[in-house]
Each structure stands twice: as structure tokens, then as C-alpha cells.
Amino acid sequence: LCLVCADDHDPALDEKIRTLPAEKFHKSHKKFRFFDADKTGTIDREEFQKGLKQLGYKPTEGKLDHIMTELDRNRDGVVVFKEFLTPTCNKHKEENALSQAANADRTFEMLDTDEDGQISSEEFYLALLTWPSLQDLTQPEVDEFFANFADMDGNGFLSFEELETLHL
């Protein structure tokens with residue numbers, strides 16, 4: 001039994017599912033099984049309504065319509081597990097993007113040792129020397145990389161945006 005098989009093939013959603021941590025996948029599957037009262041591998045509107053009531057919610061007809069419209073991507077009247085995973089996958093992707101942005105901010109602050117809002121080749125070089133595998137780098141090698149691949153606008157400094165494109 002494939003837990004995420006569905007008639008509609010959505011490569012973007014498939015990729016999101018592949019990157020979903022196992023813990024989130026299993027939690028979602030447990031929730032899905034809770035709502036799938038008749039154990040058919042699908043959740044219909046009535047099952048959602050009963051499950052929500054068991055959890056103490058009293059959804060209006062409009063709210064239930066909204067939930068079904070959001071989840072039932074192929075509009076066949078039932079939600080399969082792959083469709084059920086969609087909100088979890090989207091939230092995980094957003095969380096990752098926020099985390100990456102925060103990491104980029106911290107990296108920029110760490111590299112910008114003189115706090116002038118830009119990273120010089122020397123600041124970049126000194127930071128790279130802290131990585132054990134890069135301790136043999138020379139300033140001219142870093143200057144060449146900096147000028148040819150990192151400093152996209154050629155002003156002699158890395159901006160935050162230029163640093164983000166390096167994926168360090």
C-alpha cells in the first residue's frame with residue numbers, strides 16, 4: 001500500500017513529501033487514520049465533520065466546505081493521504097525558508113566583522129580560515145574566487161544578497 005499515491009501526479013508536491021521529516025510524515029499519517037473512520041484510505045466530508053466534533057470543534061458548514069476545498073485537490077469528494085499531507089508539506093517548506101533566511105542573516109553578521117554592512121575579501125578570507133578543511137587557502141586564492149564568483153557587482157565587497165547566492 002502506497003501511503004502517498006494519488007491519481008494526480010504533482011512533481012512539486014512529490015518533492016515536498018520527499019523532504020518532509022519522518023516525524024512530521026508519521027504524525028500526519030496518524031491524524032489521517034484518526035479521520036479515516038471507515039479505514040478506506042480516504043476521508044470524506046462526513047468523516048471530517050465527525051472527527052472534528054470528536055476533537056471538540058464545531059465547524060460550520062462553510063468552514064467544512066473550505067477544508068474540503070483546500071484538501072480535496074482533484075475534487076473527487078474525498079481526501080487521500082497525499083492530499084492530506086499538502087498543508088503539512090507547505091508549512092514545512094515555509095519553515096525551512098524562514099530558517100535559511102535566519103541562517104543567512106547570522107552568517108552575514110558573523111562575516112561582517114567591522115559591521116559596515118558589507119563583507120570585504122579580507123573578512124571573507126579570515127572567516128574561511130576558521131574551517132579546518134580550508135586552512136591551506138591563501139589570500140590570493142580567496143581574492144580570485146571573491147572577484148570572479150562571489151562579488152557579482154564588482155564593487156569589491158559582498159552584499160547580503162551576494163552572500164545568499166553562494167550557499168555556504
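Remark: Arg106 does not engage Glu109 in a salt bridge, criterion side-chain N to carboxylate O under 4.0 Å. Between Lys93 and Glu15 no salt bridge is recorded (no basic side-chain N to carboxylate O distance below 4.0 Å).
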Derivation and outcome, side chain to side chain contact (heavy atoms under 4.5 Å, CB included), residues Arg75 and Thr69: CA-CA 8 Å; Arg75 307 293 183 250; Thr69 300; 3.8 Å; yes
Derivation of the salt bridge (Lys or Arg N to Asp or Glu O under 4.0 Å) call for Lys39 and Glu47: CA-CA 10 Å; Lys39 306 302 178 212; Glu47 287 174 306; over 6 Å; no
Derivation and outcome, side chain to side chain contact (heavy atoms under 4.5 Å, CB included), residues Lys91 and Thr88: CA-CA 5 Å; Lys91 183 178 179 190; Thr88 301; 5.9 Å; no
Stepwise side chain to side chain contact (heavy atoms under 4.5 Å, CB included) test for Ser159 and Glu164: CA-CA 9 Å; Ser159 65; Glu164 275 189 311; over 6 Å; no
Intermediate values then yes/no, side chain to side chain contact (heavy atoms under 4.5 Å, CB included), Leu111 and Leu163: CA-CA 10 Å; Leu111 295 175; Leu163 180 66; 3.8 Å; yes
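For the ring-ring contact (aromatic ring centres under 6.0 Å, His included) test, no residue two or more places apart in sequence or in another chain qualifies with Tyr125. Leu134 pairs by the side-chain contact (heavy atoms from CB on, under 4.5 Å) definition with Leu128, Trp131, Leu137, not counting sequence neighbours. Shown here are the side-chain contact (heavy atoms from CB on, under 4.5 Å) partners of Thr138, two or more places apart in sequence or in another chain: Pro140, Glu141.
Side-chain atoms of Gln135 never come within 3.5 Å of backbone atoms of Thr130 as a donor-acceptor pair (strictly under, hydrogens ignored). A distance-only check finds no donor-acceptor pair linking the side chain of Asp44 to the backbone of Phe48 [under 3.5 Å]. A donor-acceptor distance shorter than 3.5 angstrom exists from the side chain of Asp112 to the backbone of Gly117, with no hydrogens or angles considered. Not a single donor-acceptor pair under 3.5 Å links the side chain of Ser99 to the backbone N or O of Glu95. Side chain of Glu83 to main chain of Val80: a donor-acceptor pair is present (N/O by atom type, distance under 3.5 Å, no hydrogens or angles). Formation of a donor-acceptor pair under 3.5 Å by the Asp72 side chain with backbone atoms of Met68 is not found in this model. Asn90 places no side-chain N or O within donor-acceptor distance of the main-chain N or O of Glu94, the cut-off being under 3.5 Å.
The cluster map of Ile, Leu, Val, Met, Phe, Trp and Tyr, joined by side-chain heavy atoms under 4.5 Å apart, puts Val78 and Phe34 in different clusters. Hydrophobic clustering keeps Leu98 apart from Phe108 (ILVMFWY residues linked when any side-chain heavy atoms are closer than 4.5 Å, directly or through intermediates). Under a hydrophobic clustering in which Ile, Leu, Val, Met, Phe, Trp and Tyr are joined whenever their side-chain heavy atoms come within less than 4.5 Å, directly or via other members, Phe157 and Met152 fall into different clusters.
The line from CG of Leu20 to CG of Leu13 is 10.0 Å long, rounded to the nearest 0.5 Å. Taking OG1 of Thr165 as the start and CZ of Phe160 as the end, the distance is 11.0 Å to the nearest 0.5 Å. Taking CD of Gln118 as the reference point, atom CD of Glu123 lies at 8.0 Å (rounded to 0.5 Å). Rounding to the nearest 0.5 angstrom, the gap separating the CG atom in Leu52 from the CZ atom in Phe35 is 4.5 Å. In this structure, the separation between NZ on Lys82 and NZ on Lys16 is 11.5 Å, given to the nearest 0.5 Å. Rounding to the nearest 0.5 Å gives a distance of 4.0 Å between CD of Glu46 and NZ of Lys50.
The two residues Asp38 and Thr42 have their closest heavy-atom pair at OD1-O, 4.1 Å. Residues Ser28 and Leu85 approach most closely at CB-CD2, 3.5 Å, considering heavy atoms.
Put simply, the side chain of Lys63 does not reach to within 4.5 Å of the side chain of Lys58, judged on heavy atoms. Proximity of Gln49 to Glu61: side-chain heavy atoms (C-beta onward) are separated by under 4.5 Å at one or more points. You'll find the side chain of Ser121 reaches within 4.5 Å of the side chain of Gln139, heavy atoms only. Residues Leu158 and Phe146 are in side-chain contact: their nearest non-hydrogen atoms beyond the backbone lie under 4.5 Å apart. Put simply, the side chain of Leu166 does not reach to within 4.5 Å of the side chain of Glu162, judged on heavy atoms. Contact annotation: the side chain of Phe84 approaches that of Lys31 to within less than 4.5 Å [non-hydrogen atoms, C-beta and beyond].
Crowding of Asp136 atom CG: a count of heavy atoms from other residues, nucleotides or ligands under 6.0 Å not exceeding 12.
Taking the six-membered ring for Trp and thresholds of 30 and 60 degrees, Phe81 and His29 have ring planes more than 60 degrees apart, a perpendicular arrangement.
Checking Gln100 against Asn96 by side-chain atom types alone, no donor-acceptor pair falls below 3.5 Å.
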